[in-house]
Amino acid sequence: MLHLPKKMLYALEAVVDIAFNARPDPVQSKEITKRQGIPLRYLEQVMQQLVHGGILKGVRGPRGGYRLARERRRITAGDVIRVISAAEAEENAQIFTSEIGQSVVGPLWDDAQASLLAELDSVTLEDLCQRAMKKDAADAPAEGSYFEI
């Protein structure tokens, strides 16, 4: 089974957390770590990559943290994956040395990745926040909402 690297999954979780919780104040890394259980050492690396990639904005100061750089309806899951993938591509480049690898396996893998990205491009952060809100409403106790994504 194909699995996305931890860093990509953490990036998606963190960005959805920010999209869901960043009103009116920015979301701090320690809050994301507390809610999502993402190790802070991974999270800080991922957040910087997302800032440099134009997905997030860093807000300085005692009440600082992170905000989305664009409206959540204008950011797709594919955008997030591409930012993290670009940062990781140099470290994990797949090099096929055989003719079969270069002419058969490589193109197959490229097609599979393109299909996955096309699917991820069809899902916006708004869509994911709507899913989170539905889950929150379905799972919330009668006295209020306790959902933390």
Side-chain angles (χ1 to χ4, degrees), residues 1-23 25-59 64-140 145-149:
M1 185 55 138
L2 179 67
H3 295 282
L4 289 176
K6 275 188 204 179
K7 228 177 196 181
M8 288 182 189
L9 295 173
Y10 288 157
L12 278 171
E13 287 182 65
V15 171
V16 173
D17 186 287
I18 291 168
F20 195 79
N21 292 299
R23 291 193 182 99
D25 296 324
V27 177
Q28 295 181 342
S29 296
K30 64 182 178 184
E31 294 170 359
I32 297 169
T33 294
K34 182 179 172 185
R35 281 191 293 264
Q36 306 310 326
I38 300 171
L40 197 55
R41 65 187 172 98
Y42 277 107
L43 186 61
E44 287 301 331
Q45 292 174 4
V46 165
M47 300 306 254
Q48 289 306 309
Q49 290 172 347
L50 293 168
V51 168
H52 292 302
I55 302 293
L56 299 177
K57 288 183 186 177
V59 179
Y66 296 94
R67 293 183 187 274
L68 297 177
R70 303 184 302 266
E71 295 173 355
R72 60 190 196 182
R73 65 186 175 92
R74 298 191 185 277
I75 301 172
T76 68
D79 294 333
V80 175
I81 294 302
R82 277 186 190 85
V83 167
I84 302 304
S85 179
E88 302 295 310
E90 295 172 9
E91 297 174 18
N92 301 320
Q94 290 195 9
I95 300 170
F96 294 104
T97 55
S98 71
E99 188 173 330
I100 293 230
Q102 292 175 3
S103 62
V104 178
V105 178
L108 172 66
W109 186 247
D110 291 342
D111 291 346
Q113 288 183 61
S115 294
L116 176 60
L117 282 172
E119 181 68 26
L120 293 172
D121 283 338
S122 72
V123 180
T124 66
L125 292 182
E126 179 66 31
D127 298 331
L128 296 174
C129 286
Q130 291 297 324
R131 291 180 192 179
M133 284 187 261
K134 286 179 184 173
K135 175 128 179 71
D136 185 24
D139 294 344
S145 173
Y146 295 100
F147 183 68
E148 295 180 330
I149 75 169

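With sequence neighbours left out, the salt bridge (charged side-chain N to carboxylate O under 4.0 Å, His left out) criterion links R70 to D79.
In this structure, M47 and I32 approach most closely via the heavy-atom pair CE-CD1, 3.5 Å. The two residues A22 and R67 make their nearest non-hydrogen contact at O-NH1, 4.3 Å. Here the closest non-hydrogen pair linking A132 and F20 is CB-CE1, 3.6 Å. Across every non-hydrogen atom of G78 and L117, the tightest pair is O-CD2, 4.3 Å. The minimum heavy-atom distance between L43 and S29, with the atom names listed, is CD2-O, 3.4 Å. Smallest separation of non-hydrogen atoms from S98 and G101: OG-N, 2.9 Å.
Here the CD1-CG distance, from I55 to L125, works out to 7.5 Å after rounding to the nearest 0.5 Å. To the nearest 0.5 angstrom, T76 atom OG1 is 7.5 Å from L120 atom CG. Within the model, atoms NZ of K57 and CD1 of I18 stand 13.0 Å from one another, a figure rounded to the nearest 0.5 Å. Rounding to the nearest 0.5 Å gives a distance of 10.5 Å between OG of S85 and CD of Q49. From I75, atom CD1 reaches atom CG of D127 across 12.5 Å, with rounding to the nearest 0.5 Å. Interatomic distance, K30 NZ to E44 CD, rounded to the nearest 0.5 Å: 11.5 Å.
Put simply, the side chain of T33 gets close to the backbone of I38: a donor and an acceptor are under 3.5 Å apart. Panel note: side chain Q28, backbone G64; a donor-acceptor pair is recorded below 3.5 Å.
D17 and K34 are not joined by a salt bridge, as no carboxylate oxygen comes within less than 4.0 angstrom of a charged side-chain nitrogen.
Between K7 and Y10 the shortest side-chain heavy-atom distance does not fall below 4.5 Å. Counting heavy atoms from C-beta on, the side chains of L56 and L68 come closer than 4.5 Å. Taking the side chain as every heavy atom from C-beta outward, D25 and E31 never approach each other to under 4.5 Å. Counting heavy atoms from C-beta on, the side chains of V15 and L128 never come closer than 4.5 Å. Between D121 and R82 the shortest side-chain heavy-atom distance falls below 4.5 Å.
Here the options are R74, R131, R72, the test is salt bridge (charged side-chain N to carboxylate O under 4.0 Å, His left out), and the partner is E126; only R72 passes.
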